[in-house]
Amino acid sequence: MKFAKSYEPGNYEADIYAAWEAAGIFSPSIPTYPVDADGDGVDDRAEAKKASRNIHSRPLRDNGNAPSEASPMTMGRGERVANESFLMPNESTYSIVMPPPNANGNLHIGHGLTVATEDSLIRYHRLKGDSSWYIPGADHAGFETWVVYERTLEQSGHTRFEYDRDELYSRVWNFVSEQRGNMELQLRALGASCSWKDLTFTLDENVIDRVYTTFEKMWNDGLIYRGEKLVNFCPKHRTAFADIEVEHQDEKGTLWDIEYRLSGSELAANEHFANPSESRGDESSRVPDSTGRRPDSATRLSPGVQQTVHEREFGPADSIVVSTTRPETLFGDTAIAVNSNDERYKDLIGKKVRIPLSGREIPIIADEHADPEYGSGAVKITPAHDFDDFEVGERHDLPRIQVIAEDGTMINVPEAYAGLTTEKCRKQVLKDLKEQGYLKGEKKIQHSVAHCYKCGTVLEPMLKSQWFVDVEKLAKVAIDHLENNEIKFYPANKQKVLIDYLKNLKDWNISRQIPWGIAIPMFHKVTEDATDEPDWIFDRRTNLKQIEKAGVTYVRDEDTFDTWFSSSHWPIVCTDWTPENYNPYYPLNVMETGADILFAWVARMIMVGLYVTGEVPFKEVYLHGLVLDAHGKKMSKSKGNVINPMDLVAKYGSDAFRIGILRGRSAGMNQAFSENSVISGRNLMNKLWNISRFIQGMVDGEGESGENISKHSIDTDSQNHNGHGRVSGTEIPGRDRLSRCDFDDRESSELRNISPDSISYSTLNMGEDWICRELNDCKHQIEADMANYRFAEAVETLYQTIWDKYADWFLESQKIYQNTNLLKTTLEMILIMLHPFAPFATEAIWQTLSWTEGFIATANWPADLVYDPISAENFISLITIVSEVRGTLQTLPGTNNAKKYGLYYDKDSLVEDNALLIQTLSHVPFISSLDGTPQGLRLALANHELYLDVPEKVVKAYHDSLEEKILSVGRELDALNARMMNPNYVDKAPAALVRETRDQIEEKEKLISRLKAQFALI
RNA sequence: GGGCUUUUAGCUCAGUUGGCUAGAGCGCAGCAUUCACAUUGCUGAGGUCACAGGUUCGAGCCCUGUAAAGCCCACCA
């Protein structure tokens, strides 16, 4: 294949992905395996061991839905540990599960970051030779999808209440099926090297099965209970939420002061609504005028008055004023609470008051919940509609009266208010209270209000019977394991944050009142009395509305599970963990996900993972932050600053996007992202493409001329051929390749060119030794970065190594004469190292190069290169010289100086031996020796006698620059001297450092004296 | 109220047990054009490392405090 002039990602990406997929290279090489699959009573691990060496010979599992047909033989926990030894020495495993994107959605920028991160890890480990398994997923996204579906339902003029749950479920299933697929195509476009045949959908049967098993175990263990508790309820969607799903927003509100009059007082006795069930009729209009008794009330009620009521200034002690933001709930009041330390109300504790507009009698109680500093210091208690009041109610055993129905309208209230929405009811109540003289003041306040995170509706605390998980024990176990440092967190501080969260965790409401989800496998006996909580039994037959058991009919609970309840099984279900299976992929090596779902998801996966398997579900957690827009603002549709990853992929290529989004990003941080970083990624791909094109050209040229530089090649084993000790890494080149040659069915000899001869090379000049050193350093840096999830640093290192070192210096130096074997070897090394981050371009190049075989995606991570360290270090001197020549020439007046002025050297073997190289790199017209007499302009180098052949008048023009240089070197010298003058430094600093400082001083002094000599000449 | 994080060049970020003469990308300025690459090459300008103390021979880094920005949890009758 020929290299086009520039890299056009669109011409390659789709084909490359299809080829990878067709070759099945994304499946792990080691299968999970029943300990005794054939049921012959013999441990099959020996056979599995054989099988694992023949990669792809055995499907990991038949499909995403069917659990493997394990024999009933179970394996104890201890035995599982022993199984680890079954792995071959070099066959370590590496597993990541994808946080499942919404099955019917499109990928957003966060998914882009997720894939870039996870896929670089997986590809890196695949290159390293680990049996790597990246398991893709799709989320039914219970509530999210439901909201979308319900909207389309409403648009077609229907409502959910026209259908039963089973009907709705199948309708949404079809809806999702139609939409599904986009997200999977987009994952492919991003290069996600996941094992597609193992894709897990959150409603797959094995998922539901596992969730039911866990639920049953919890039920039997007494961790599941049904409780009437206050839940956050969205009246629009008519479902409850977990605490974590609630969005709190600070809003302006009003705090009203309402008077409750003591019963038994003259006034109360005269009132005629002692019976709460009595119809209110139009009584509001004929309420007795109370203002006569309360001369100050009228003034307080003037419109718009803002006033805080702190003192007992309301008149005689036959009433009490409470402060509330929700006057409409007064019909549900079952007490008034005051603080026992509040002198103003001490004598009222134990007395009874009547609720305005209702007349029902409620007690005044003492509870610390009442804050004397807030409002009037007295608070009405509505246990059925406020979380705090609910707790007060529990403490004092108060009744709970529900006055707001699930649809957000009033119930169990006087007729005049019944059926009103809470909003309308509030207006009416305030109007009536005002007219009847109960409203004593109002005040604007700032308070936070719970909203539905999807539709923004104000959530109503609602009394409902729901399924709860008693989390205390689960959290305790999780905390123990976390404190035992069994999971390493990136960033590290999240470990403590998570532990603190678990310590304060409240019981987990797992019921949702939406049809789209996993049905809760509970059935209840039909009882005559609807008020009593019925008997519940566990049963998996949730496809049936009612079941018979021992002659008794049970009816299915209509609720579904909170998605987090099933999601918390994700590492278990994706790896198909079962107690019977040998499964080296659980626990996962790392859980990579967004920092924003640390509590909602990560915490629950840990609790459930431990509960189900006894092990933490993953060894490490890497959390990424939010991707913000270029100005550091959160992306949102309303702001119009949303970046669609697919647009960038289409425009610049998948690799450019991946590199762009990983740059400048670190664990747990919300960081900005802009198209510029993608552009620079695109540029790197093009650079790499042209590097490869250039090298291919040189390789081709070599073939045509028949001159093979490889005759200079040395056997890699003879490392001391040239006098200098040659260094080598710990790995022997070639060995690594041999160890993984079984990546497909071909014979190893047909595979890649792996004979030691063909990959051997010898270095012929300093630049070659130097690039070997730099590439080794780069590789070690990447290894360290990947081990610590420092993706941005790894990419940065590669970027600089490829561009600033490999292209700008090494390749430039190769323009004089080519070491083709080394060019091939180093290019391969660069491509492989970059592959985890830029899978497509590196593969496109790999497939285009004439000498490479197989897929780069399954190549072997490179071994260290062998080189001469002294020679490598000398090249640094050469770089310094060339840079100084270039810099000085640029500073001189005039243009095209590089072509005008030659370079003289005096007794300098480095320059003499490399004259051609220096000339090529600096473009000077000539380099020649000087016989002891300085001539032209001396370069500011301490250890080299070099002069530019510059006429005297140009040298004079350099006067100012030279003076500036002398001053700046002088300042550096002063600083160094000051350091050495400090006796404490000489005494206490490490000897090597002091020595280094001395050397630096010496060098600076030498340089400055030379510059001064030059200066004097001008 | 409790906790976490951030503050380094115009912008976005590195700076791993203190050794720094503080780096990168983008942007900016100048120069270069038969060269693998203009998606290019070369050169350069640009920083009181938020502020104030402290520890140390030595602080961008460690400690204390302050300020600003952002996030999380709780409370908000």
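Comparing B:rG19, B:rC13, B:rC57 by their nearest atom to the side chain of A:Ser666 picks out B:rC13. Across B:rG19, B:rU43, B:rU40, the shortest atom-to-atom separation from the side chain of A:Ser883 is found for B:rU43. Considering only side-chain atoms of A:Glu793, the nucleotide from B:rA14, B:rC4, B:rU33 that sits closest is B:rA14. For A:Trp803, the side-chain atoms get nearest to B:rU40 when compared with the rest of B:rA36, B:rU40, B:rU33. Comparing atom distances between the A:Arg693 side chain and each of B:rA36, B:rG3, B:rU39 picks out B:rA36 as nearest. Closest contact between the side chain of A:Tyr985 and the listed nucleotides B:rU39, B:rC37, B:rG19 involves B:rG19. Of the candidate nucleotides B:rA36, B:rU39, B:rU21, B:rU21 has the atom lying nearest to any side-chain atom of A:Glu972. Comparing B:rU21, B:rA36, B:rC37 by their nearest atom to the side chain of A:Lys5 picks out B:rC37. For A:Lys988, whose side chain is taken as the heavy atoms from C-beta onward, the closest listed nucleotide among B:rC37, B:rU40, B:rC57 is B:rC57.
When the P atom of B:rC4 is taken as reference, atom CZ of A:Phe489 falls 16 Å away, rounded to whole Å. Taking atom CG on A:Asn504 and atom P on B:rC75, their separation rounds to 11 Å, with Å as the unit. When the P atom of B:rA24 is taken as reference, atom CG of A:Leu798 falls 17 Å away, rounded to whole Å. Between the NZ atom of A:Lys503 and the C1' atom of B:rC73 there is a distance of 15 Å, rounded to whole Å. Taking atom CZ of residue A:Arg682 and atom C1' of nucleotide B:rG25, one finds them 14 Å apart after rounding to whole Å. Separating the CG atom of A:Asp500 from the P atom of B:rC71 is a distance of 21 Å, rounded to the nearest angstrom. The distance between atom CD1 of A:Ile597 and atom C1' of B:rC71, rounded to the nearest whole Å, is 16 Å. In this structure, A:Asp629 atom CG and B:rC26 atom P are separated by 21 Å, rounded to whole Å.
Side-chain atoms of A:Asp333 and A:Thr382 form a donor-acceptor pair, as typed in the model, at a separation below 3.5 Å. Under the 3.5 Å distance criterion, with hydrogens and angles disregarded, a donor-acceptor pair is assigned to the side chains of A:Ser680 and A:Arg663. For A:Glu391 and A:His396, the side-chain atoms include no donor-acceptor pair closer than 3.5 Å. Counted by atom type alone, A:Lys440 and A:Ser376 present zero donor-acceptor pairs between their side chains at under 3.5 Å. Between the side chains of A:Tyr985 and A:Thr997, at least one donor N or O sits under 3.5 Å from an acceptor N or O.
For B:rU21, the OP1/OP2 oxygens have a side-chain nitrogen or oxygen of A:Arg979 closer than 4.0 Å. The phosphate of B:rG15 has OP1 or OP2 within less than 4.0 Å of a side-chain N or O from A:Arg790. Under 4.0 angstrom from either OP1 or OP2 of B:rC35 there lies no side-chain N or O belonging to A:Lys815. The phosphate of B:rG41 has OP1 or OP2 within less than 4.0 Å of a side-chain N or O from A:Lys687.
Contacts between residues 669-681 of chain A and RNA chain B, defined by a heavy-atom separation under 4.0 Å, are made by A:Met669, A:Gln671, A:Ala672, A:Asn676, A:Ser680.
With both ends at atom C1', the span from B:rG44 to B:rU56 equals 37 Å, rounded to whole Å. Here the separation of B:rG15 from B:rU6, taken at their C1' atoms, is 16 Å to the nearest Å. Comparing the same atom, C1', in B:rC28 and in B:rG10 gives a spacing of 8 Å after rounding to whole Å. Atom name P, nucleotides B:rA45 and B:rG53: the rounded distance is 32 Å, in whole Å. Nucleotides B:rG18 and B:rC13 have their P atoms positioned 26 Å apart, rounded to a whole Å. The C1' atoms of B:rA9 and B:rU5 are separated by 23 Å, rounded to the nearest whole Å. For the C1' atoms, the distance from B:rG19 to B:rC37 is 40 Å, rounded to whole Å. Only the C1' atoms considered, B:rA14 is 15 Å distant from B:rU7, to the nearest whole Å.
A:Arg663 comes within contact range of the sugar-phosphate backbone alone, with a heavy-atom separation under 4.0 Å but no base atom that close. Using a 4.0 Å heavy-atom cutoff across all strands shown, A:Asp371 reaches at least one base atom of the nucleic acid. Among the heavy atoms of the strands, none lies under 4.0 Å from A:Thr997. Counting non-hydrogen atoms under 4.0 angstrom, A:Pro983 reaches nothing in the nucleic acid. If you check every strand for non-hydrogen atoms under 4.0 Å, A:Gln800 touches sugar and phosphate atoms only. Across all strands, A:Lys1004 comes closer than 4.0 Å to base atoms (heavy-atom distances).
The existence of a salt bridge linking A:Asp999 and A:Arg995 is excluded, since no basic side-chain nitrogen approaches an acidic carboxylate oxygen closer than 4.0 Å.
Here the two rings, on A:Tyr7 and A:Tyr12, have centers that are under 6.0 Å apart. Ring centroid separation for the pair A:Tyr622 and A:Phe791 comes in under the 6.0 Å cut-off.
Position along RNA chain B of the nearest nucleotide to A:Gly632 versus A:His248 favours A:Gly632 as the more 5'-ward residue. RNA chain B is contacted by both A:Ala630 and A:Asp389; A:Ala630 maps to the nucleotide lying nearer its 5′ end (nearest heavy atom per residue).
Base pairing analysis places B:rG27 opposite nothing; no Watson-Crick or G-U wobble pair with both distances below 3.5 Å involves it. Nucleotide B:rA14 forms no Watson-Crick or G-U wobble pair with any nucleotide shown, as no partner meets the under 3.5 Å limit on both distances. With both pairing distances under 3.5 Å, B:rC35 is matched to nothing as a Watson-Crick or G-U wobble pair. Pairing partner, B:rG65: B:rC51, with both Watson-Crick or wobble hydrogen-bond distances short of 3.5 Å. Across all strands shown, B:rG3 is found opposite B:rC71 as a Watson-Crick or G-U wobble partner, with both distances under 3.5 Å.
Just one of A:Thr422, A:Leu430, A:Val403 meets the side-chain contact (heavy atoms from CB on, under 4.5 Å) condition when paired with A:Glu328; it is A:Thr422.
In terms of heavy-atom proximity, A:Trp689 sits nearest to A:Ala844 at CZ3-CB, 4.2 Å.
Using the six-membered ring where Trp is involved, A:Phe810 and A:Tyr806 have ring planes that are tilted, between 30° and 60° apart.
Side-chain to base pairing of A:Glu796 with B:rG25: no donor and acceptor N or O lie closer than 3.5 Å to each other.
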